[in-house]
Every structure is written in structure tokens, then in C-alpha cells.
Amino acid sequence: MWHQALSPATSLRALGCALAYVAAGALSIAFSHEVGTVAAFWPANALLLGLLLRMPPRDYPASLATCMLVTAIVNLVGYGEPLFVAVARAAANLLGVLCGYHLITRFSPTLPLSDLRTLFLLLAASLVAPLVSASISTALLGDFLPLPIVTQWWTRWSRDAIGMLLLLPLMTSFDLKPIRERWRRRWDRPLLLEAAEFTLAFALLFGILGLILLGDWYGSPSLFTPVLLWTALRFGIFPTAAAAATIDLVAVVSAARDAWPSLFADFTNSQEILSLQVLVLLVALPPLVVAVVVGERARARRQLDDALESMADAFALYDPADRLVLCNPRYPEFLSRIADLLVPGVGYEELVREGLRRGLYPDVPAAQADAWIAEQVAAHRTGLASEVQLADGRWLQAIARPTADGGTVDVRRDITERKRLEEAIEHMAMHDALTKLPNRAMFYRELERALARAEREPCRIGVFLVDLDRFKDVNDTFGHASGDQLLVEIANRLTECVRTEDLVARLGGDEFAVVAVGRDASNGFAALARRIVDRLSERAWIAGNEIEPGASLGMTVYPDDPGSLDELIAHADRALYAAKQRGRGNWMRFDETARRGRAEGPRRLDDLERTWSAVRPISAGGRSSASARWR
């Protein structure tokens, strides 16, 4: 542990910290110390506290110990102080620094300094920490100075507090990252203008300093207020803190040399320096607060811009008048045909209308254009979600949400993959996995649509139920794999027999169904039934085996055979049952007079002849038998 604590890097940092601390103290004594008084300018504690806050926590014990040792030696040897005084002075200052360090780190501020909370914490620590060092120094060393105890305490506290108030923002706001990023940027026009503006600001700063020092007519630090505010608004916290520290340092050195115009009559040099620092502090604090606020807002805007640019969704903000305020890069990507119109101030209704004119929404009928535009604008203003398909086939979901000020947040989400998944799931739910034909659910849905169409326009609907003959024997003889291949072959043959607008479905097992729409007489349906039975009776080669399948078919035609959806299916089922009773490989059409028959169909041949006397049996192409046979 000790080896790690006293590593070469840690030792170098501790020594550098101690030398900087001693040098700052020596300069303060040289410029602001008068015999029999306390130095009025003391930035050493602020410098050490800032260094401790920026270094790794494991290094600060070694740094404090080194500072204590070096400071005591300098006080003892360099200034000839007694041992007790040299050690007590060093210990008092370092205890104040240690108190400030623990006070700040206790509340975990964000460094580099970038928010008001951290700034106020630094300012509070700058006022509290010097209480420790001032009280200890006055208690231990008060008898060594001819000044009253209260004066000694006040001078020690105020010099430390002012030094921390002015220097801690500078020490804690220094950040190399933005500087590196600026150096990596090309020297384009905006960067050159920014550099010129920065140079001008500090030229004005030093110009005012020269005017004060050379003119010898007015020495109030309030002259620097415009420059500091300009720096705070344009360049942030670190340049503002650097400008304030520069003003303070020049003012102290100039006052020590009697070069700064005196502001207070009958003040000693130490009192003049202390009072001048108070004025600089009062002038610098408001611009420091402004700089932090501006930095917070700029950082929040950058975070918002980064978040918007990284969003997978398209985002846009509209004002209460429904005009575009801002949008992320995905917004014009999604609405590519109107990307040139997406500028601040354009109205949402104008975007929708122009997008419709340019073909962005191809599915909107021209006759319904105005109504559709009004619907989209209303959905946008009221916060309703809508889905629309673009000309390139993509599906977008528009989600509008009202803002507190009456504006609208518009989010466009690409839901193309979701739509495809939904279509795939629907296809799986509505289709047979083996034959890829529509299943029973889709058969019912499409038959219902066909019947609704028949109500609107004159047409006939043919409903066919097909059942394979002796399919169980194929499974038992050749196995279920061969049976499945036969079902696929039957599905392909059925599809070949019908038109593309007709529906072929597998209801389950070896049952199939067809829904056909025709405008002429029902003779076409009879021809289709005959063609289906003949085609399904042709021999097939399945897994090297010759199979001669067969099929029975029952048919009903709407509106010739009136009835509801379920009644039509029952009609076709009765006709199929009758066809099977007549002999396999046949088809039959249901007749209206068959409604007098029993719902479950005839069970014996005499029942069949009696109940289906009005049903016309037709042999399948003159074939005496179409029962399945195989070799």
C-alpha cells in the first residue's frame, strides 16, 4: 500500500503541488504583507484546494504532507520564524484547505465546473473553509502580532475567502477536452470569427487595465462589467474566471506598487488591496453565474440535439400555430419527397397537402383528398396515432402529442417490419402449413365477403366441398409422408382447375373447398365441378409409387340455392354426402327442394333415394368408378 501511495508519479505530483503552494504564498507575502500585519492577498489556499480537487483522491494525503513539510521549512528558514510559529501557520492553512476539500467532495460536485449547484457549493466552501484556518491561526498566533484579535481574524478570513471565491472557479472549470476538440476542427470561418471575438474581448480587458493604470483617473473595477458579461455569454465559465483572476492579480500588484488609483482615503496599503479585491469579486460573481447558466443551457441543447440525432424515429416539434420549429435528421429521411419543405415556419397542413400532391401517399383516392387531409391535420392537433403507407412501400406510424404551451410533438416510427410480421402471422393463422392453401378460417371469411359482394352486384357464388376417396388407405399403405405428398399434389391440381380470383382452401384432413364467383348461368359451375373431379382422379406418382386417387364433390350455388353462410355450407355438405352415396368419383349439386331432407343427411340407400329425389346425380365424365387404386 505504501509503495503504491509513494509511487514516482504520486511523489512528483505532491512535490509540484507543494512548490506551487509555497510560490503562491511567497508572492502574496511579497506584494501584500506589511510589517506587523497579515498579508491581505492570499491565493495559496485556493490554489492548493483546486489542485487537490483535480488530482486523484489517492494522491492528496501525500500532497498535503509534502506541502506541510515544505511550508514549515520555508517559514522556519526563509522567514526566520520560530519553530512553533512556522509549524502552526502551515498547519492552520492546510487544515482550512482540508476542511474545504471534504466539504466539497462530501456533496460530490461535477468537475469540471459546469452547473449552478457546483458553483454555489464552491462559493459556500470558499466562505466556510477559511473559518477554520483563520480561527486556528488567530488562536495560536494572535499574540505574535500587535493587531487586535478581531482584526487579525477578519483579515485572515477575508483574504482566504476572497482568494477562494476568485480562484476556485478558475481551478475547477479548466477542461482540456473542448480545447482539443477545437484544435481538431478545421479553421473555417465560424472558428476564425470566434477566435477574433475572443482576442477582441481580452484586448478590451487589457485596454481597460491600461486606461486605469496609465490614465490614473478612475480605478473602480466596475469598468470591467461589460467585458466580463460579454465573455460569460460568448465563451463560458473558464474564460470568464480567467478574466476575473487576471483583473484581481493586476489590481493587487498595481495597488502594491501604488500604480492603481486609490479608491479609499486614509487606507493603508493592505487595506487598499483587500478592499480592491472585494470590489473585483462583486464585479466578477454575476458574470460567473451568467456563464454557468449559459453553459448549462448550451449543454442541455447539445444533449437534446445528440438525443434527437441518435433516435431511430423521426421527431419534429410544431408550435401552437402548427408551424415546424425543429426536426431531427430522420424526419426528412422518412418524408423524402417533401424534404425540401421541412424548414422552420412551414405549416403542417401545407406539408400534408404537398406530400399528397407529390405522391407521398399513393393509397389516398383523389376524390377523398380533402377529407383525408382534414383527418390528418385533426389527428395531428388532437394527439391521435395513425398509420400510413408511403409510396416506397414503407409503413409509418405517426404519433402526435400536445405540449404544455399548445404545440405538438410529432414522432414518425417505421413500422414496416412490424407490418410484415403481422402479415406473416396472419398468413400463418389463415393458411394451411402443409399445402399453403387458405385454411378453414380464411374460407369462412372469404365466403362471407363473396356473399356480401353478391348482395351489392348481380353475380352467383359457387361453393364446392371436395373429399378424397379412400385417402386413409393411402396413409395405411404407403405411410403418412406419402399421404402428405398426395395432399400437396391435390392442392396443386385444385389450384390449376380454378381461376386466380377463385379460392381454394383446405378445411382439414382430406377435405378441400372452393369458392368461385360467376356472372353467367350455373352451367359454368357444373363444368368446373366436372373438371375438378376428373383432374383429381388422374393417377399420380408419389415417392415412386403409382397412385390413382379419386374425389367426391358437393356443390351449391347462391342465390339459386338461397341461405345463410352456414346454410350454404350445409347444402354443399349434403350434396357431397349424396355424391358419396351414389358412388365414389361423382359430384352432385344441391337442389332447393332438398331442404325438406333431414339436416344430417340420409343414412340408408332407400333414405337417399327418397330424400334426394330432387337432386340431380351426374356421373364424373362417364366414369363407372373413380375409387382410388394403386400399384
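For the numbers below, each heavy atom of this structure counts, side chains included, while hydrogens, waters and symmetry mates do not.
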Under 3.5 Å, which donor-acceptor pairs do the side chains of residues 275-289 form with other protein atoms, sequence neighbours left out?
residue, atom, partner, partner atom, Å
Ser275, OG, Gln271, O, 2.9
Gln277, NE2, Ala40, O, 3.0

- Side-chain heavy-atom pair Asp115, Arg299 within 4.5 angstrom cut-off: yes
N/O donor to acceptor pairs below 3.5 angstrom from side-chain atoms of residues 159-168, sequence neighbours left out:
residue, atom, partner, partner atom, Å
Arg159, NH1, Ala39, O, 3.4
Asp160, OD2, Asn45, ND2, 3.3
Asp160, OD2, Ser133, OG, 3.0

Could you give the side-chain donor-acceptor pairs of residues 247-260 under 3.5 Å, partners two or more places apart or in another chain?
residue, atom, partner, partner atom, Å
Ser254, OG, Val250, O, 2.7
Trp260, NE1, Gly219, O, 2.8

Residues at least two apart in sequence or cross-chain that pass side-chain hydrogen bond (donor to acceptor under 3.5 Å, both in side chains) with Thr151, listed by chain then number, are none
Contacts satisfying side chain to side chain donor-acceptor pair (under 3.5 Å) that involve residues 388-397 (not counting sequence neighbours) are Asp392-Arg394
Lys/Arg N to Asp/Glu carboxylate O, Glu387 vs Lys419, below 4.0 Å:
yes
Leu209 side chain near Phe224 side chain, heavy-atom distance below 4.5 Å: yes
request  = Evaluate the side-chain proximity of Pro130 to Arg156: yes if any heavy-atom separation is below 4.5 Å, no if none is.
outcome  = no
For Arg301, the side-chain hydrogen bond (donor to acceptor under 3.5 Å, both in side chains) test, sequence neighbours excluded, returns Asp305
> Is the shortest heavy-atom distance from the side chain of Leu64 to the side chain of Tyr101 under 4.5 Å?
Replying inline: no
By side chain to side chain contact (heavy atoms under 4.5 Å, CB included), Ser63 pairs with (sequence neighbours left out) Ala14, Cys17, Leu52, Met55
Sorted by chain and residue number, the ring-ring contact (aromatic ring centres under 6.0 Å, His included) partners of Phe198 (sequence neighbours excluded) come out as Phe202, Phe235
In short, side chain to side chain donor-acceptor pair (under 3.5 Å) pairs touching residues 75-90 with sequence neighbours left out are Glu81-Arg89
Applying side-chain hydrogen bond (donor to acceptor under 3.5 Å, both in side chains) to Asp313 and not counting sequence neighbours gives Arg413
Quick check, are the ring centers of Phe315 and Tyr331 under 6.0 angstrom apart? no
Above 12 or not: heavy atoms from other molecules or residues under 6.0 Å from CG of Asp143? no
Checklist entry - Are any non-hydrogen side-chain atoms of Leu317 and Cys327 less than 4.5 angstrom apart? => result no
Sorted by chain and number, sequence neighbours left out, ring-ring contact (aromatic ring centres under 6.0 Å, His included) with Phe334 holds for none
_Between Asp414 and Thr416, is the side-chain hydrogen bond (donor to acceptor under 3.5 Å, both in side chains) condition met? List the steps._
CA-CA 6 Å; Asp414 191 337; Thr416 305; 2.6 Å; yes
Taken in chain and number order and not counting sequence neighbours, the residues that satisfy side-chain hydrogen bond (donor to acceptor under 3.5 Å, both in side chains) with Thr105 are none
